[in-house]
Amino acid sequence: MLASKAHELIKELDRSRDTVLPPYNAETIRFCQLEANELFRQNYEDVQTVVQTGTDSNSSASSAPTLMPTISIRHAAIQRIKRCLLAYAYHRMNKIKSLRWSIGPVLPEHMRNNLSIDEIEFFSNYNQTLSSYMRSIGNNHSLDLTSFMIPPKKLFAHIKCIQDYGPYETSDGTIIQLTFNSEHYVLTSDAEHLIQRKIAEHIV
Amino acid sequence: MDENNSYPLLLSQNDIEEEEDDDDMTSQELFQRLQQAWLNEKYSPILLKHENLLVLATFELLDDIEKRLKSSEHKTTSFRWLMHRTEYNRLYFILCSYIRTRCSKIEEYPSAALNSEELLSPEECVYAHTYLNNMKQHLKKSVLTELKSEQQQNDDDITLIQLLPKPNLNDFVFFQVDQSVNGVILSNEQNNSGAPNDIIDFKTDDQYIMQFKHINKLLNEKQIHLV
């Protein structure tokens with residue numbers, strides 16, 4: 001079945017919708033590209049044949065018209081493979097962008113292993129673009145867009161530390177000791193920052 | 001959702017009003033306009049005009065509040081400090097959310113955004129250009145360069161742009177009318193005598209739900225606002 005490997009790529013993405021991004025499937029992609037190139041080569045030969053028989057003799061050659069359906073099927077298959085590959089890359093790209101907003105500019109090791117080299121490059125370029133935009137907002141006033149992702153309901157938040165971080169300086173200068181299981185009452189902006197970096201969590 | 005409730009301005013009018021007269025806007029007015037711009041942007045399916053004036057004025061206000069907060073002595077013990085800080089957080093959130101919504105719209109439909117450059121601020125223009133280049137380069141490198149096709153270079157750009165999603169102007173939105181408008185034409189069908197079939201009059205303070213494409217122009221001229 002033509003373009004079935006490309007369909008597998010899409011199925012793989014669909015299966016991993018709620019979980020972490022799966023490793024970059026370079027092998028399947030390479031296979032799809034080879035398949036597309038092969039189809040294109042075959043199509044090219046057939047088109048040459050049709051063009052030749054068309055120019056050689058005016059009486060319609062018997063072989064020429066029967067090649068047209070084959071050519072259009074191959075063309076459709078090439079388009080489908082191209083579309084699937086682009087959808088795969090585009091979807092992964094969107095997921096990587098959302099990682100930047102939720103986790104921050106530095107990716108943990110296990111996530112970075114699942115990305116291809118191009119994707120890592122895209123991530124660092126996106127990082128750069130986003131930070132230079134954030135710096136330039138409001139005539140270079142700068143605004144941190146990743147703070148306050150949810151509307152701040154209260155001024156202070158009760159958080160519990162889940163990691164041994166050590167001394168941490170809050171935004172108004174006081175230094176608090178973050179040891180495992182210690183509870184703190186901090187400003188919402190600080191709390192959000194700590195929760196985003198998975199150093200602490202909310203106490204419900 | 002809580003963030004849609006109106007945020008009452010807790011700062012005393014007297015404090016801020018003397019210092020903030022940018023374009024004759026009191027801080028209360030600034031806040032109302034910022035909030036309305038934020039809601040409009042949130043509910044509209046396409047990118048609206050960038051309110052540069054509001055953004056700059058909000059930055060000034062935020063800086064002002066921050067200066068007061070830093071200079072006051074009884075931090076976290078005075079009620080006044082707490083109220084100011086809450087207001088600061090909320091204002092900061094609305095501004096952030098406004099810019100974030102615009103960013104995500106630019107990222108989703110970068111070519112549509114770049115076609116209507118007057119809606120973007122200069123920094124957003126730069127952002128949209130670099131983002132689009134980054135995206136095209138990434139997609140080309142990872143997928144398309146291996147595929148041989150006849151007109152490879154031109155083909156790639158055009159195909160990419162065509163395959164990307166486009167903003168949906170047919171989304172339905174709720175809105176409320178600020179100034180009454182007569183004779184909004186909804187479709188081009190004509191009845192027997194040659195007059196357009198669907199005309200609607202909007203009266204002030206009425207609320208409607210309609211497809212976005214019909215009211216796009218009214219929203220730009222601030223005759224309606226989205227709810």
Side-chain angles (χ1 to χ4, degrees), chain A residues 24 26 29-30 32-34 36-37 40-41 44 78-79 81-83 85-90 92-94 97 101 116-119 121-122 125-126 128-130 132-156 172-174 187-189, chain B residues 1-5 7 52 55-56 58-60 62-63 69-70 75-76 82-83 85-86 88-90 92-97 99-100 103-104 107-108 121-124 126-131 133-135 137-150 156 159-160 163-165:
Chain A
Y24 189 72
I29 290 194
R30 186 92 192 114
C32 291
Q33 286 169 339
L34 288 176
N37 285 342
F40 181 73
R41 191 188 57 80
Y44 192 69
I78 294 177
Q79 297 289 75
I81 293 180
K82 206 163 160 184
R83 217 183 143 106
L85 289 179
L86 277 176
Y88 184 72
Y90 187 68
R92 284 180 73 97
M93 197 179 76
N94 281 340
K97 279 192 313 191
W101 284 95
S116 76
I117 303 180
D118 290 326
E119 291 180 335
E121 200 184 313
F122 171 77
N125 282 342
Y126 182 67
Q128 249 178 8
T129 325
L130 194 59
S132 61
Y133 177 60
M134 291 205 272
R135 264 197 306 270
S136 71
I137 300 180
N139 283 346
N140 287 332
H141 184 281
S142 105
L143 182 71
D144 182 15
L145 289 179
T146 54
S147 61
F148 290 121
M149 297 296 271
I150 53 174
K153 286 207 163 166
K154 300 188 194 156
L155 190 50
F156 289 93
D172 47 350
T174 50
L187 284 169
T188 326
S189 43
Chain B
M1 290 212 327
D2 259 342
E3 57 179 336
N4 296 341
N5 293 341
Y7 283 65
N52 213 3
V55 169
L56 292 177
T58 315
F59 271 125
E60 273 183 40
L62 281 176
D63 281 341
L69 287 176
K70 288 247 155 62
K75 295 183 198 173
T76 72
L82 292 176
M83 287 298 115
R85 185 78 210 207
T86 318
Y88 177 82
N89 279 354
R90 288 175 165 179
Y92 198 84
F93 166 74
I94 294 191
L95 188 60
C96 267
S97 187
I99 306 245
R100 266 203 299 264
C103 262
S104 61
E107 286 175 8
E108 269 186 73
S121 78
E123 299 100 10
E124 286 179 342
V126 170
Y127 180 69
H129 274 297
T130 23
Y131 175 75
N133 285 339
N134 196 11
M135 181 174 78
Q137 187 200 33
H138 172 250
L139 287 178
K140 280 189 195 173
K141 259 174 62 173
S142 50
V143 169
L144 291 178
T145 45
E146 296 294 322
L147 300 179
K148 297 193 191 63
S149 64
E150 290 173 359
D156 285 341
T159 342
L160 262 182
L163 290 177
L164 292 176

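In the text below, chain A, chain B and the rest are named by the order of the sequence lines, each starting its count at 1. All figures in this text were calculated on a predicted structure; none of them were measured in a lab.
- Minimum interatomic distance between Y133(A) and C103(B) (heavy atoms only, all atoms of both residues): CE2-SG, 3.4 Å.
- Distance check: N134(B) CG to F122(A) CZ gives 5.0 Å after rounding to the nearest 0.5 Å.
- Listed options I29(A), T129(A), I117(A) were ranked by heavy-atom pairs under 4.5 angstrom with chain B; first place goes to T129(A).
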Going through the checks in order, is the side chain to side chain contact (heavy atoms under 4.5 Å, CB included) test met by Y126(A) and M135(B)? CA-CA 9 Å; Y126(A) 182 67; M135(B) 181 174 78; over 6 Å; no

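- Note: E60(B) CD to H141(A) NE2 = 9.0 Å, rounded to the nearest 0.5 Å.
- Rounded to the nearest 0.5 angstrom, E121(A) CD and Q137(B) CD are separated by 6.0 Å.
- Between the CD1 atom of I137(A) and the SG atom of C96(B) there is a distance of 7.5 Å, given to the nearest 0.5 Å.
- Y24(A) touches chain B through its side chain: at least one heavy atom from C-beta onward sits under 4.5 Å away, while N, CA, C and O do not.
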Run the side chain to side chain contact (heavy atoms under 4.5 Å, CB included) test on Y92(B) and D144(A) for me, step by step, so that the C-alpha distance in whole Å, both residues' side-chain angles and the decisive distance to 0.1 Å come before the verdict. CA-CA 10 Å; Y92(B) 198 84; D144(A) 182 15; 4.0 Å; yes

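- Note: M134(A) CE to E123(B) CD = 14.0 Å, rounded to the nearest 0.5 Å.
- The two residues F148(A) and F93(B) have their closest heavy-atom pair at O-CD1, 3.4 Å.
- One finds the CD1 atom of I99(B) at 6.0 Å from the CG atom of L143(A) (value rounded to the nearest 0.5 Å).
- Contact annotation for S189(A): only side-chain heavy atoms (C-beta onward) come within less than 4.5 Å of a heavy atom of chain B.
- Considering only heavy-atom pairs separated by less than 4.5 Å from chain B, the leading option among L145(A), L130(A), N94(A), T146(A) is L145(A).
- Counting heavy-atom pairs closer than 4.5 Å to chain A, the top residue among V55(B), V126(B), L95(B), D63(B) is D63(B).
- In this structure, the portion of E108(B) lying under 4.5 Å from any heavy atom of chain A is its backbone and not its side chain.
- Of the N and O atoms on the side chains of H138(B) and N125(A), not one donor lies less than 3.5 Å from an acceptor on the other residue.
- Heavy atoms closer than 4.5 Å to chain A are found nowhere in N52(B), neither backbone nor side chain.
- With chain B as the partner, the residue from A87(A), S147(A), S132(A), S116(A) showing the most heavy-atom pairs under 4.5 Å is S147(A).
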